[in-house]
Amino acid sequence: MQIHFIPDQCQLVTLLDDNSLHLWSLKQHSGASELWEDHRFTLKGPPGSPPSATQITAVLPHSSREVLYLGTESGNIFVVELPSFGVLEDRTITSEAVLQWIPEDYCNRRSCELVEALQEHPKNPDQILIGYSRGLIVLWDRQNNKVTHHFLGSQQLENLSWQRDGSKFISCHYDGSYTQWLVSNDNRQSLPLENLVPYGPFPCKAISKIYWQTTRNGLPYIIFQGGMPRASYGDRHSISVIHGSQQIAFDFTSRVIDFFIIFSSEPTAEFDDPSAMVVLAEEELIVIDLKSAGWPAVHPPYLASLHCSAITCSHHVSNIPLKLWERIISAGSKQNVHYSNMPWPIDGGTNIAPDPPQRDLLLTGHEDGTVRFWDASGVCLHLLYKLSTVRVFLTDADPNDNLNTMSEDEWPPLRKVGTFDPYSDDPRLGIQKIYLCKYSGYLAVAGTAGQVLVMELNDEGAEHVVDHVEADLLQDQEGYRWKGHEKLKTRDGPVRFEAGFQPFVLVQCQPPAVVTSLALHSEWKLVAFGTSHGFGLFDHQQKRLVFVKCTLHPSDQLALEGPLSRVKSLKKSLRQSFRRIRRSRVSSRKRRGGGGNTSETHEANGKFDQGMLQEMELAPVQRKIEARSAEDSFTGFVRTLYFADTFLRDSSRHCPSLWAGTNGGTVYAFCLRVPPAERRMDEPVRAEQAKEIQLMHRAPVVSILVLDGRNIPLPEPLEVAHDLSKSPDMQGSHQLLVVSEEQFKVFTLPKVSSKLKLKLTALEGCRVRKVMVANFGSCKTDDYNENDLAVLTNLGDIQIISLPFLKLQIRYPCIRKEDVSGIASCVFTKYGQGFYLISPSEFERFSLSTKWLVEPRCVVDVPEVSSNNHMHNRSVMENASRKSRCSGRSSGDYGEDEVLKEIQSTLEGGRGSFAERNLARSPVGHRLSNGGAD
Amino acid sequence: MRSADCYAPKRVPYLGWEENTFGAEFRRFSLERSKPGKFEEFYGLLQHVHKIPNVDVLVGYTDVHGDLLPINNDDNYHKAVSTANPLLRIFIQRKEDADYSAFGTDTMTRKKNVLTNVLRPDNHKKKPHIVISMPQDFRPVSSIIDVDILPETHRRVRLYKYGTDKPLGFYIRDGSSVRVTPHGLEKVPGIFISRLVPGGLAQSTGLLAVNDEVLEVNGIEVSGKSLDQVTDMMIANSRNLIITVRPANQRNNVVRNSRNSGSSGQSTESSLPSSTPNILANFLQGEEESDEEDIIIEGSGEPQQIPKAAPTSLESLTQIDLLHEPTQNGFLPSTEVNVNHSACNVGVEYEVQNPDPKSLEEDGTIITL
């Protein structure tokens, strides 16, 4: 629920939603800084007291670093020692003790109620400002245990903030107002200096947090969260910054969890001079530069929002040639012009991880029709370039219409910030398959409405017409009616594309079903695509459709009518509504920030879960046992496409070939005739079906692979031409490996006879979800490497299966089997690493290879001398969150907000190690008396 | 149409009648019940007494329940003789005139019509004439196997899915069962049959029932596996599914002592041996393999089965393959266990290979038999 730094220690205190406090410290362990949990503590009241008596609502780590002040729901403030969490009973500030200093008439009207805010006086550590929810604010002298000043607020209090010199403070309230108070020496009861409702006069939402930052020029920055007019803008997640006549309400696309201001930390400095604002929203971290004109956002070097639009697919390319890498970066840099030039204001220690061994790209396809190129070489994914396919199509909502159309004098002055935008204008734009050829820079992208785009990298912006071809996959099949979505409308005439990947050809499948498989051969200049109806081959050099093959079973009405999309969308909407329920539960819990209803919500959740369980027990799950048959639905669904130069017809001549595998266990092989380069434009590419293999177990074919005469998988197109691979052995006999969800089978070529098989499902009851050839090198010698199959099963296990003998080498659990989206999102790299989504916004990286390891290592220097160094404190937090992000395995409660999750995951990581190493008590840090610590 | 009543054990006069168009011929003779001899000899005897030495005939008998059952091998011949009480009534039909609908498990319900059906074959001309005689003409549908090596409380059932249009037709669910462990009785999760689809293969065998606990699938123990895993394993093996169950109803168990086939004797252990795959003794791998062969169509040619590559030292990894046992296609000797079943669930249905071209059509290019 809350994180607080112990001033000037590499320590922090976290408050969890079970009302437990945890003390963490950053320690050096084998050369790198790691966060360890030192202590945990739950505040206990006297026997028989209600849980609200000890429900913590506010935490103040005192600058003396010796005590924590814990405000509770009952209005009492407990004082605990650090690091032992021992309760100092005699120093408890009870509400009765406070009330005796307050005028009678005020006390009669209202009791103290829960403690909303605790703030230490910036200059005098003995004075603590206490804010109660009903509006009463008192200044407590901890030396003399008495109230020195009281401020009788009339509005329900949300938060408090001191001004730098301690002469004034500011309070913000539930009704959307804020009030300035003067702390004068002569008057124990002061009246508000100023009371404002910034977005009045109509009823406004609460202002939940406020800062008052002084500047050299005298004009303060007033920065507050919320306060929007309730009726029209009550649903916005905003933080307003007011500086003189400038005012902007930054409008975040997800809930704001917390924010802080980076300001001058020199204790001697007279003014705050804020430089940046750091906002943790539910879906992303945003930093706003408050020094540059217009307050632009700062480009985050890490914690990028992966899921700004939901990730629909991903594709990994290892070892990118430097030339292509630079071109992509240069295209991307042209897109980042609206960011601030300010260096990242957060110091997260020193990265001591070794330089990444090679340049790797992770491409993510998104629901909104974009493809993002991430630098996946190191620990943090870094966005290099973003490609949008939207421009090719005419969509209902033109993206240019709703961007920044607000006029200058619009009130409130909202400005959308952040990249998270979960709302897709048109789900048909979603990207489903990506293939990038790293040698040629050709990129093929396929989407939800049967669209296939072939693109080329262009360093300059250009305007050109995208050639458009329709591929009728049903051909002569008649009497069917597609009931799914319509195909996307294309733009007529030339389209302006920015520098980067520019589409030059568009193939639209008819019916416009989702593209389920894609293959690109950059050397032959061919692209193959498949849907639930069939597959086609397109010559993107001549821009001509070579052939289409319908794989649809004549009786398979379901596949034709497009319920695939309907089933999917139903599932999705169910999932979304569940997510919504959970989110609303979470936010209601969050709403009070550790408020009183936590335990009740918890109980309610428990009941809810139990109810669910009972329901499940009432209706026992049963599974139908039935053999697959040719009449099953979606047997024609094309699962995999593969280009190979191999011996298809006779053993004397090899030729280009295209292989396709379907959901019904059928493999089609087409013999291709690609004209030689000099006549490539003159003669057509020809294709002829050469083989059709029906696997009798009829399980979906997920991968097809040809092994050369030395049992090595055929190289990628152009790999040999770029001297990056030995040319394949074309003398010995080739073998065909067909991987279905249930079996691995090796056949001889060109005469197909079965050679080997591994019946995975029959033996283990698991099915193949993802498979890829991985090259494993030895970390001892450079000259040894071998190719194996990396397999992810539906149980979340990863298995390594040897080639060509199909022997199971190793197996270990990786993803929880319930984490269906995690399993679906997994991509393997060519060198035995992999990525999968552990939440919509986070990839977990794993390595199966001892040679290629990418792991986070950093060092944070422990401060020797204490100063009120906020910058440094922030960096610790940053480091913590980075660490947990990289190494933590969240227990799967993805609906929770980021902070909590990160704490939990770190906690989980920490727990094991804590117990394991049996850490001694952490040393108490440097004791420095810069105040009246007693 | 000929029929013969056999009396055993006493020698009795031969009685029979013969019919050319609508007529029939009876013969009556006696056999030594204790030494019935071989089926071949009996067949020859029948041909001899009816003076039809070169006519192929089908031999059937009515059992104690009135079912018309075939006699075509030593086993069912011996069974038939042993059931004679005291008269064994045998029906002989010319093969080409044979009316197969007369045979079957549910003939009991049609009891009254059996004879009329047999005697008036012309009423049933619409039925295609299928050769039904020797074991090789049958395709097994299900069998109980490994009776001799399994504990009596367990039953290993093999369902032959291939070739039939019948769905396997059953459902499984999660449940809990009680096991004897070193720490006493323990409740452990288990997988159970939850439902049998009427008309499905599983139901028609009579060998599986609702609430039977599934212990193994094709020799792999299911304990510790989830419902979904077991489902996937069963589907992966659906063309030749062997499931070992602990029947919910333990009264119909095979009484092993009465059989002489289980030479290795009865086992008294109450749970499965730990290394289960090896006890799949009767695993007809050869048959399974040949039937699971994938199909290839070269160019525009005809579909054909993909042959096995010349054997190399590299054998496939599956444990099942290690048990490769080239066994003759055909009946398992243990098939006739159905005779031990009570009348209400006579188990084995002689599903007939259907030469109807329909099954060859499937989808034009792919042939599954």
Side-chain angles (χ1 to χ4, degrees), chain A residues 553-555 620-631 635 649 665-667 671 688-699 735 738 741-748 750-767 794-795 801 804-808 817, chain B residues 161-162 167-175 193-195 197 200 202 217-218 220 222 225-239 241 243 291-300 303 305-310 312 314-321 362-366 368:
Chain A
H553 192 280
S555 62
V621 189
Q622 53 175 6
R623 294 273 183 274
K624 188 179 182 180
I625 306 298
E626 207 43 77
R628 294 192 174 86
S629 96
E631 279 81 26
T635 50
R649 286 232 167 97
T666 313
V667 174
C671 194
E688 194 182 349
Q689 181 165 343
K691 287 184 198 309
E692 177 179 336
I693 298 170
Q694 175 63 52
L695 302 176
M696 289 320 285
H697 65 286
R698 296 191 186 278
Q735 295 177 77
V738 177
E741 282 189 3
E742 292 183 352
Q743 298 188 7
F744 298 76
K745 289 196 149 184
V746 175
F747 299 98
T748 56
K751 169 107 179 72
V752 176
S753 54
S754 59
K755 203 167 172 188
L756 275 178
K757 69 179 161 193
L758 172 61
K759 294 165 91 173
L760 189 71
T761 310
L763 286 172
E764 299 184 17
C766 57
R767 294 211 303 270
N794 64 331
L795 304 179
I801 291 168
F805 300 125
L806 302 182
K807 300 238 189 260
L808 179 60
K817 71 176 176 205
Chain B
K161 164 67 185 140
Y162 46 83
L168 284 171
F170 66 100
Y171 290 72
I172 57 172
R173 63 167 171 89
D174 277 318
I193 293 177
S194 63
R195 191 178 143 203
V197 180
V217 176
N218 288 55
I220 314 278
V222 305
K225 293 201 159 62
S226 72
L227 182 64
D228 286 330
Q229 275 178 285
V230 177
T231 306
D232 286 339
M233 287 167 70
M234 286 187 173
I235 290 173
N237 287 305
S238 58
R239 301 178 60 74
L241 183 60
I243 46 182
D291 257 277
E292 231 210 31
E293 234 35 280
D294 303 326
I295 283 168
I296 179 142
I297 304 166
E298 297 269 357
S300 52
Q305 286 197 339
I306 295 178
K308 264 190 118 59
T312 55
L314 331 163
E315 256 311 322
S316 163
L317 263 192
T318 66
Q319 290 149 297
I320 288 155
D321 283 0
E362 284 213 44
D363 67 353
T365 53
I366 291 142
T368 340

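In what follows, every chain begins at residue 1, and chains take the letters A, B, ... in the order their sequences are listed. Please read these numbers as outputs of a predicted model, since none were measured by experiment.
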Q: Sort A/Glu688 into side chain, backbone, both or neither according to what part of it lies under 4.5 angstrom from a heavy atom of chain B.
A: neither

Q: Just one of A/Gln694, A/Arg698, A/Lys745 clears the side chain to side chain contact (heavy atoms under 4.5 Å, CB included) bar with B/Asp294, so which one?
A: A/Lys745

Q: Let's go through B/Asp174 and A/Gln622 carefully: what are the C-alpha distance in whole Å and the side-chain angles of both, what is the deciding distance for side-chain contact (heavy atoms from CB on, under 4.5 Å) to 0.1 Å, and is it a yes or a no?
A: CA-CA 7 Å; B/Asp174 277 318; A/Gln622 53 175 6; over 6 Å; no

Q: For A/Phe747, is it the side chain, the backbone, both or neither that has a heavy atom under 4.5 Å from a heavy atom of chain B?
A: side chain

Q: For the candidates A/Lys817, A/Lys624, A/Arg623, which exhibits the highest count of non-hydrogen atom pairs separated by less than 4.5 Å from chain B?
A: A/Arg623

Q: Run the side-chain contact (heavy atoms from CB on, under 4.5 Å) test against A/Gln689 and tell me which residues pass, sequence neighbours left out.
A: A/Lys549, A/Tyr668, A/Phe670, A/Glu692

Q: Quick check: closest heavy atoms across A/Ala762 and B/Ala236, and the distance to 0.1 Å?
A: N-CB, 3.9 Å

Q: For A/Glu741, give me all partners under salt bridge (charged side-chain N to carboxylate O under 4.0 Å, His left out), at least two apart in sequence or on another chain.
A: A/Arg639, A/Arg767, A/Arg769

Q: Go through the steps to decide whether A/Lys691 and B/Ile297 satisfy the test side-chain contact (heavy atoms from CB on, under 4.5 Å), and finish with yes or no.
A: CA-CA 6 Å; A/Lys691 287 184 198 309; B/Ile297 304 166; over 6 Å; no

Q: If you count heavy-atom pairs within less than 4.5 Å of chain B, which of A/Ile625, A/Val746, A/Ile693, A/Thr761 leads?
A: A/Ile625

Q: Specify the closest pair of heavy atoms between B/Glu298 and A/Pro750, including all atoms of both residues, with the distance to one decimal.
A: OE2-O, 4.2 Å

Q: What part of A/Ala699 gets within 4.5 angstrom of chain B, counting heavy atoms only: side chain, backbone, both, or neither?
A: neither

Q: Shorter than 4.5 Å, heavy atoms on both sides: which option in B/Val217, B/Ile172, B/Val222 has the most such pairs with chain A?
A: B/Ile172

Q: With rounding to the nearest 0.5 angstrom, report the SG to CD distance, A/Cys766 to B/Gln229.
A: 7.0 Å

Q: Under the side-chain contact (heavy atoms from CB on, under 4.5 Å) rule, what do A/Glu626 and B/Ile235 come out as? Steps first, then yes or no, please.
A: CA-CA 6 Å; A/Glu626 207 43 77; B/Ile235 290 173; 5.9 Å; no

Q: To the closest 0.5 Å, what do you measure between CG (A/Leu795) and CG (B/Asp232)?
A: 8.0 Å

